[in-house]
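Start at 1 with the first residue, then count along the sequence.
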Amino acid sequence: IADGWALFCGGYKRRDTYSLVELQADCKSSLTVNIEFKDERGIRLEASRVVGRGTALHLIHSTHVYRVDVATVVESIRK
């Protein structure tokens, strides 16, 4: 969660899809976008584990750990 935004890992059959949600002042939220992350080769990340710390999600894929910052995701969808 960062600056009125939250990033969630997908559900049981959509583990590799992430949802960016805008948190609104009236305690409601609205889904902004569903996202699939790709590695440096352009291959979809299939994380074996996802851990949230502070304003980021950490995706563990094979022998790599990827840090996904909520503010960076928000910035990228605004472009």
Side-chain angles (χ1 to χ4, degrees):
I1 297 175
D3 299 320
W5 295 89
L7 185 60
F8 294 98
C9 184
Y12 294 108
K13 295 184 180 181
R14 299 182 65 187
R15 289 180 37 152
D16 301 320
T17 301
Y18 300 83
S19 300
L20 182 64
V21 175
E22 184 174 13
L23 306 174
Q24 301 167 355
D26 58 2
C27 295
K28 293 184 181 179
S29 62
S30 61
L31 176 65
T32 301
V33 66
N34 285 318
I35 303 165
E36 289 183 348
F37 296 112
K38 296 183 179 183
D39 68 10
E40 59 279 357
R41 296 170 293 159
I43 298 172
R44 185 178 59 155
L45 284 177
E46 295 180 4
S48 60
R49 184 171 178 156
V50 178
V51 179
R53 292 287 185 265
T55 60
L57 290 181
H58 295 81
L59 289 62
I60 300 169
H61 172 73
S62 184
T63 59
H64 296 81
V65 177
Y66 295 88
R67 183 179 187 276
V68 180
D69 182 70
V70 176
T72 303
V73 174
V74 171
E75 183 180 319
S76 72
I77 66 160
R78 288 184 173 164
K79 291 181 179 180

Partner residues of R53 under the salt bridge (charged side-chain N to carboxylate O under 4.0 Å, His left out) criterion, sequence neighbours left out: none
Closest approach of I1 to A6 (non-hydrogen atoms, all atoms of both residues): CG1-CB, 3.9 Å
E75: partners by salt bridge (charged side-chain N to carboxylate O under 4.0 Å, His left out), with sequence neighbours left out: K79
R49 CZ: over 12 foreign heavy atoms closer than 6.0 Å: no
Contact list for residues 19-41, test ring pair (Phe, Tyr, Trp, His ring centres under 6.0 Å), sequence neighbours left out: Y18-F37
Chi angles and distances behind the side chain to side chain contact (heavy atoms under 4.5 Å, CB included) call for Y66, K38: CA-CA 10 Å; Y66 295 88; K38 296 183 179 183; over 6 Å; no
Non-hydrogen atoms of A47 and D16 that approach each other most closely: N-OD1, 3.5 Å
Euclidean distance, Q24 CD relative to S29 OG, rounded to 0.5 Å: 7.0 Å
Distance in Å, L7 CG paired with L57 CG, rounded so as to fall on 0.5 Å steps: 4.5 Å
Within one Ile-Leu-Val-Met-Phe-Trp-Tyr cluster: V68 and I77, side-chain cutoff 4.5 Å: yes
Common cluster, I35/V70, ILVMFWY with side-chain heavy-atom separation under 4.5 Å: yes
Under 4.5 Å side-chain linkage, directly or through intermediates, the cluster mates of I60: V65
Qualifying residues under side chain to side chain contact (heavy atoms under 4.5 Å, CB included), relative to T72, sequence neighbours excluded: D69
Joint hydrophobic cluster, L59 plus W5, side-chain heavy atoms closer than 4.5 Å: yes
Single-linkage hydrophobic cluster L23~F8, side-chain heavy atoms < 4.5 angstrom: yes
With sequence neighbours excluded, residues passing salt bridge (charged side-chain N to carboxylate O under 4.0 Å, His left out) with R44: E36, E46
